[in-house]
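When reading the values below, keep in mind they use all heavy atoms of this one structure, side chains included, and skip hydrogens, waters and symmetry mates.
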Amino acid sequence: MGSTNVSTPKTSFAADDGQEVLDLGAIFAIIWRGRWVIAACVLIGLIVGIWRAYIVATPLYGAEVQLVLDPRDEKVVDIESVVSSLSATDEVIRTEVHILGGRELAGQVVDRLNLISDPEFNMMLRDPGFNPVQVLKDMIKGILGMQVYDTSLTPDPAFVREKVIQTLLANTRVVNIPDTYIFSIWVLSENPFKAADIANAFADTYVENQVAVKLNVTEQATGWLAERVTELRSQLEMNERRVADIRAQADVTSPAQLIGLENRLISLRSALAERAAEVAEQQALQTELTSLQTVEEQRVAARRNGYGAILARADNPQDGWRSVLAQLARDLREAEAKEQAIRRSMADLEITIATQSDALTEVVQAERDAEASRLLFENFQNRLRETSMQIGLQRADSRVISRAFPPDRPALPNKGQILILSVFLGGFLGTVLVVVLQLSRARLHSAAQIAGLTSVPVIAVLDQFSQKIRPEQASALGPQTRDGEAIRNLRTTLLMARGDVPPQVVVFTSAESGDGKSTLSAAMAHNMAQIGKSVLLVDGDLRRHYLSDPLADGNSKPGLFDVLSGRCDLAEAVLPGALGQADILPAGSVSGSAADLLSQGGLTALLSVARSHWDIIIFDTPPISVVPDARIIGQHADLLILLAQWNTTRQAVFTDALRELEQGGRSPDGIVLTKVKAAAKPLYGATKRSRDRYYHG
């Protein structure tokens with residue numbers, strides 16, 4: 001036969017584009033073969049589901065309360081509200097959902113309903129009994145050095161309250177109905193009335209908290225505004241006293257009087273200029289008149305400047321001129337005195353104006369401060385009055401639109417859902433188990449799978465015998481039985497394997513033990529003898545001698561080992577007609593290494609003699625994966641047949657056996673898949689159904 005092409009196990013096949021494609025047919029075949037395992041898992045899942053839904057599960061009643069977030073901003077007074085209402089944005093809605101499902105609100109409900117005293121929520125009040133799981137946990141914690149809590153001790157109240165809150169939250173669900181401002185609070189409890197009470201307590205506590213928060217903020221704002229109003233009143237009074245003190249100390253005039261003083265100062269400045277000009281004129285005139293020498297010039301000057309009468313009253317011109325000069329000096333002194341008086345008045349007036357101006361400025365600033373204090377005081381006083389009006393008028397941003405009522409039927413467990421889920425999970429886990437076990441074990445289960453591993457043809461697929469057949473019972477496979485016909489079909493295949501030259505030495509081996517080599521070898525020897533062939537059945541398993549024990553009195557007679565070691569001749573060791581019409585060569589008394597003895601050349605001489613005396617020599621050999629005997633004997637075979645047991649022979653061991661045979665230079669000529677269960681025959685087409693109809697009518 002041609003050389004064997006051994007490849008690694010295939011889990012997929014290549015598509016036209018070169019990519020790996022999952023072989024769904026192979027997976028379905030795996031699932032089909034494991035259908036009873038899957039069915040068992042489904043049944044177990046169904047039983048567990050029934051046990052869980054109808055026996056173990058505690059009925060839980062669900063009560064629902066609904067609240068709506070009111071986005072309307074209604075105000076009692078027409079001012080900006082001290083406490084703003086909630087705006088219905090997505091962020092606000094999500095925030096309120098978290099508040100409703102938060103630990104703070106749940107803690108208030110626990111305190112409000114005293115759930116710490118309720119064994120349903122406070123598990124420490126329940127009778128623990130014997131809990132093997134908890135005992136195992138405590139034991140593991142002790143081994144690992146972790147802290148183990150002694151449940152017999154009195155627990156910390158804060159710890160107990162926290163645990164009750166956790167249990168309550170685990171039985172509470174808060175959702176926002178999409179595209180609405182409505183919140184739904186769903187509470188589960190073993191008691192329907194308790195479920196409704198808890199749900200309503202959640203809603204009432206939430207609404208009361210909103211009002212309480214607003215009232216608290218309003219009261220805080222009112223207190224703060226009252227303090228500010230008191231401070232501003234004191235500041236206003238202080239500013240008004242300051243204005244009065246400034247007016248009293250500085251004798252402050254009005255701005256109009258200050259303007260009059262400034263106008264008077266301007267008039268004095270004009271009068272001063274006139275007096276200064278007059279003094280200068282008098283001084284110039286005095287200088288001019290003093291310089292005159294003649295009487296005529298003096299008379300002319302006196303008349304021109306208004307002193308002519310003084311000069312005329314004098315007795316003589318000299319006395320008259322002296323009187324004129326004396327009057328001129330008096331007029332000059334008078335003009336200078338008036339000028340000084342005006343200057344003194346101006347200085348006093350300037351001081352008065354400066355003093356009054358500063359005082360008036362200070363008064364104006366103080367009056368402005370007082371007015372600002374008055375406005376601020378009035379503003380805060382109005383806010384205080386308006387805020388005080390809001391106390392007691394606060395409204396919650398949410399309101400209950402549907403209160404919870406005790407349900408008439410439990411919400412959990414959902415028995416139908418549990419059963420469906422249990423069946424589904426059982427089927428899923430069973431399928432996963434079958435696939436994982438099949439892939440991990442990688443057993444041979446079809447001729448197509450073997451064809452994917454090697455080019456050696458599968459020449460026969462043998463059903464599991466209808467009854468357990470041992471080698472010595474080969475005659476039971478009669479011609480009118482289905483099992484006997486399967487052997488005859490294989491016999492025909494073997495005889496026609498080499499065309500016109502029938503094979504003479506046929507070696508049966510396998511990758512692992514228990515594949516049916518000895519039974520098939522005996523059945524084939526018996527079947528060959530029935531068609532008139534002289535047959536020698538050789539027990540080549542020199543270690544276990546499975547054939548020799550029943551056919552050669554426990555291998556007490558000489559056999560193959562004795563012939564190869566030269567202890568006796570072949571004729572002396574053969575047991576004629578030991579298996580019907582077939583002769584038997586037992587294993588013999590083995591006392592050394594069988595592999596070494598088979599390799600020494602005695603086997604060639606033995607087969608040379610056997611070929612001349614028997615038409616067919618059939619060897620039953622040990623598994624290839626255990627000892628090398630089959631590879632040594634196979635070198636002398638006309639046909640080397642490799643057996644694989646259906647759904648038992650491991651794929652990796654099978655490919656290793658093929659590889660070892662190929663490395664030894666002798667590939668198998670055919671593969672026989674044995675012990676195929678009748679339930680698996682649909683994998684091989686309609687052959688089995690046709691054969692069954694033939695034998696059973």
- Is the closest side-chain heavy-atom distance between V175 and V97 below 4.5 Å? no
- Do M124 and V160 touch side chain to side chain, with heavy atoms closer than 4.5 Å? yes
- Query: Got a second to check how far I182's CD1 is from I401's CD1, nearest 0.5 Å?
  - Reply: 4.0 Å
- Applying salt bridge (charged side-chain N to carboxylate O under 4.0 Å, His left out), run through E371 and R374 and close with a yes or a no. CA-CA 5 Å; E371 183 64 22; R374 180 180 295 104; 2.6 Å; yes
- Hey, could you give me each pair passing ring pair (Phe, Tyr, Trp, His ring centres under 6.0 Å) that has a residue in residues 221-246? Not counting sequence neighbours. W224-F380
- Query: Nearest heavy-atom pair of Y61 and P407: which atoms, and what distance?
  - Reply: CB-CG, 3.6 Å
- Step through the shown structure and confirm whether more than 12 heavy atoms of other residues, nucleotides or ligands are within 6.0 Å of CD on E104. no
- Are the side chains of I31 and V434 in touch, meaning some heavy atoms are under 4.5 Å apart? no
- Message: Any heavy-atom pair between the side chains of R403 and D204 that's under 4.5 Å?
- Response: yes
- Message: Taking side chain to side chain donor-acceptor pair (under 3.5 Å) as the definition, give me every residue that meets it alongside N209, ordered by chain and number, with sequence neighbours left out.
- Response: Q108
- Note on the structure: Residues at least two apart in sequence or cross-chain that pass side chain to side chain donor-acceptor pair (under 3.5 Å) with R233, listed by chain then number, are none
- Task: Mind jotting down which residue pairs meet the side chain to side chain donor-acceptor pair (under 3.5 Å) criterion with at least one end in residues 40-56? Sequence neighbours excluded, please.
- Result: none
- Taking side chain to side chain donor-acceptor pair (under 3.5 Å) as the test, write out the residues that go with K194, two or more places apart. D118, E120
- For P59 and P413, which heavy atoms make the closest approach, and how far apart are they? CA-CD, 4.0 Å
- Is a donor on one side and an acceptor on the other found under 3.5 Å between the side chain of T454 and the backbone of I450? no
- Item | Reported CD1-to-CD1 distance for the pair I93 and I177, which is rounded to 0.5 angstrom | 11.5 Å
- Would you check if R399 and V207 make a side-chain contact, meaning some heavy-atom pair closer than 4.5 Å? no
- Message: If you define the side chain from C-beta out and look only at heavy atoms, does anything of Y206 sit under 4.5 Å from E96?
- Response: yes
- Calculate, to the nearest 0.5 Å, the distance between atoms CZ and CG belonging to R228 and N379 respectively. 11.0 Å
- Task: Can you sort out the partners of N114 under side chain to side chain donor-acceptor pair (under 3.5 Å), two or more places apart, ordered by chain and number?
- Result: S117
- Is the closest side-chain donor-acceptor distance between T58 and E190 under 3.5 Å? no
- Item | From CD (Q449) to CZ (F654), nearest 0.5 Å | 9.5 Å
- Considering only heavy atoms from C-beta outward, does the side chain of V92 approach that of Y181 to under 4.5 Å? no
- Which distance, rounded to the nearest 0.5 Å, do you find between the OG1 of T180 and the CG of L69? 10.0 Å
- Task: Verify side chain to side chain donor-acceptor pair (under 3.5 Å) between Q365 and D369, making sure each step is shown before the conclusion.
- Result: CA-CA 6 Å; Q365 183 63 39; D369 292 342; 3.3 Å; yes
- Mind checking the CG-CG spacing from N647 to L673? Nearest 0.5 Å is all I need. 9.5 Å
- Would a distance-only check, ignoring hydrogens and angles, find a side-chain to backbone donor-acceptor pair under 3.5 Å from R242 to N239? no
- State, with a plain yes or no, whether a side-chain heavy atom of R650 is found less than 4.5 Å away from one of E512. yes
